[in-house]
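Read the structure below first, then the notes.
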Amino acid sequence: MTEATPASTSCVLVIVGGSMAAVKAPSVLRRLREQGLGVRAIATRAALAFITELSLSTAADGLVGTDAHWFEARPDALHLTHARVDGVVVVAASAELLAGAAGGHANDLALASLLSVRGPVLWVPAMNEAMWRSPAVQANVERLRSWGHRFLGPEVGAFGTRGEGSGLGRMAEPEDIAARMLTLLRPVKRDLEGMRVVVSAGPTREYLDPVRFISNPSSGKMGFAVAEEARDRGADVTLVTGPVTLGDPPGVTTVRIESALELRDAVVAAAADADIVVMTAAVADYRAAEQASEKQAKIAGDVTIHLTPNPDILAHLGADKGKRVLVGFAMETHAGVERAAAKAARKNADFILLNYPTREGTAFGGDDNQVTLVRPDGRHEDWPRVSKREVARRLLDEAVQAAHARPTV
Ligand code: CTP
């Protein structure tokens, strides 16, 4: 176990939702207890269709909270007692539970407890792929994410009802759930207090005319994760982002741009007094040499578009680096380490995180990333495949080290 263990007194509330995966809930409870955590459990009415109160209570500390107990005559408010924990994990999380939480409902013990709780909330969904992908469920997920809730899975694999076989929708494994919960409970370092961090994220759009542009599928998730991690560690954070579907992270100054030229202006302005600049943006290398002011009608035959190179923002910052730590990202499909090291040297970056867009689990838009840290002199280390938030945490650890290694003037 490489993760620091939180205080042994930490207590987690496990809410069990109404999905087939509820049968795995006792294993999740056991795994959490093995990590030295106190564990309370609540089962929703729907969960009790899949699993019994008895099998849950044998794995939890004390009685399992259910709606039946909530409405018993008792001196304490059960939802408040259950909410007195350090974090919550919602396993076998159903579309119904997500909707209730995203809507702020409190009509059962699980939802009322969720409203009362402090500390991190981790959702571990398990449902049919079509349900998970439905706009309603995705809107609820985005809403909860914007409030700082975290998600693990669903994963691809065998699951569910007869005939469904396999697909996206399987609940994450109990040991992975316990490991993620431990990470979330770890006391947050405030080592970026007093520092200014600038992060660029997402794609750029290079308009050819008012309605057409050149772009790429960058989701912005990596950059947003860096901005949120830096904020939580006490930094003053400016996030400059191209068009993405993610909402402004609370507590971060967010600047929305479209083109590479706008990105350069916003990043250069924000970077003037920055300590750390992290360029995760997937900047389009070229823009139209001339942008038409009117929509261009189609013409018969081939069309040639004249493109001109965009400025290299990272190289521009590197040319007059000052005390700043500069971090870049690179996507390569071959000769990754050599190319990334050459890039870091050319752009005067402290290091570059290299990812392979063609590898499973690291494609555009995913929640995980597997990167290799590459230094300008070619030294490099492979990091395991972890959540983008965990990549952000390691990235900032490295950047802080680099900042402290700077000679003081
Ligand atoms: N970058 C930048 N400005 C650009 C292009 C890239 O600041 N115009 C930054 C990216 O945000 C990233 C790093 O440079 O942090 C590497 O990006 P990449 O596109 O891989 O590098 P390029 O120099 O464009 O190399 P290639 O020749 O492989 O396209």
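Counting convention: from 1, in listed order, for ligands and their atoms alike. All of these numbers come straight from a predicted model, not from anything done at the bench.
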Quiz item: Is it true that Arg339 lies under 4.0 Å from ligand 1, counting heavy atoms only?
Solution: yes
Quiz item: Polar-atom distance check: Leu314 versus ligand 1, any N or O pair below 3.5 Å?
Solution: yes
Quiz item: To the nearest 0.1 Å, how far is atom 5 (C) of ligand 1 from its closest protein heavy atom, and which atom is that?
Solution: Val283 CB, 3.7 Å
Self-check item: Derivation and outcome, side-chain contact (heavy atoms from CB on, under 4.5 Å), residues Asn355 and Gln370
Solution: CA-CA 6 Å; Asn355 50 137; Gln370 197 274 304; over 6 Å; no
Exercise. Write out the residue and atom name of the closest protein heavy atom to atom 20 (O) of ligand 1, then the distance separating them to 0.1 Å.
Key: Lys343 NZ, 2.7 Å
Practice problem: Answer yes or no: is there an ion pair linking Glu332 with Lys343, defined by an N-O contact shorter than 4.0 Å? | Solution: yes
Exercise. Check whether any N or O atom of Lys347, backbone or side chain, sits under 3.5 Å from an N or O atom of ligand 1, and answer yes or no.
Key: yes
Quiz prompt | Short N or O distance, Ile313 and ligand 1, threshold 3.5 Å exclusive | solution = yes
Exercise. Would you mind listing every side chain to side chain donor-acceptor pair (under 3.5 Å) that reaches into residues 288-299, with sequence neighbours excluded?
Key: none
Quiz item: Given that the side chain starts at C-beta and the backbone is N, CA, C, O, which of these parts of Ile352 lies under 4.0 Å from ligand 1, counting heavy atoms, or is it both or neither?
Solution: neither
Self-check item: Under-4.0 Å heavy-atom contact with ligand 1, by part of Pro311 that carries it
Solution: backbone
Quiz item: side chain to side chain donor-acceptor pair (under 3.5 Å) between Ser113 and Ser116: does it pass, once the steps are laid out?
Solution: CA-CA 5 Å; Ser113 305; Ser116 330; 5.8 Å; no
Practice problem: Could you establish whether Ala281 and ligand 1 come within less than 4.0 Å of each other, counting only heavy atoms on the residue side? | Solution: yes
Quiz item: Are any of the N/O atoms in Asn310 less than 3.5 Å from those in ligand 1?
Solution: no
Practice problem: Inspect the contact between Lys221 and Asp368 and indicate whether a charged nitrogen and a carboxylate oxygen are less than 4.0 angstrom apart. | Solution: no
Quiz prompt | ligand 1 atoms in contact with Asp285 (distance to a heavy atom under 4.0 Å) | solution = 5 (C), 24 (O), 29 (O)
Quiz item: Does an N or O from Thr280, backbone or side chain, lie closer than 3.5 Å to an N or O of ligand 1?
Solution: no
Quiz item: Under a 4.0 Å heavy-atom limit, does Arg346 contact ligand 1 with its side chain, its backbone, both, or neither?
Solution: side chain
Practice problem: Give the atoms of ligand 1, by number and element, whose distance to some non-hydrogen atom of Gly328 is under 4.0 Å. | Solution: 15 (O)
Quiz item: Hey, is atom 27 (O) of ligand 1 under 4.0 Å from any protein heavy atom?
Solution: no
Practice problem: Considering only NZ, NE, NH1 and NH2 on the basic side and carboxylate oxygens on the acidic side, decide whether Asp350 and Arg406 come within less than 4.0 Å. | Solution: yes
Self-check item: Worked verdict on Arg40 versus Val14 for side-chain contact (heavy atoms from CB on, under 4.5 Å)
Solution: CA-CA 6 Å; Arg40 295 200 186 126; Val14 179; over 6 Å; no
Exercise. Could you say whether the N/O atoms of Met279 and ligand 1 ever approach to under 3.5 Å?
Key: yes
Quiz item: Is it true that a side-chain atom of Lys321 and a backbone atom of Asn348 form a donor plus acceptor pair closer than 3.5 Å?
Solution: yes
Quiz item: Hey, is ligand 1 close enough to Phe329 that some N/O pair sits below 3.5 Å?
Solution: yes
Quiz item: Can you list the steps and then say if Thr245 with Glu142 is a side-chain contact (heavy atoms from CB on, under 4.5 Å)?
Solution: CA-CA 9 Å; Thr245 55; Glu142 277 318 313; 5.6 Å; no
Self-check item: Asp377 with Arg375: basic N within carboxylate O range, under 4.0 Å
Solution: no
Quiz prompt | Option passing side-chain contact (heavy atoms from CB on, under 4.5 Å) with Arg393 (candidates Leu396, Asp397, Val391) | solution = Asp397
Quiz item: Hey, does Arg264 sit under 4.0 Å from ligand 1 if you only count heavy atoms?
Solution: no
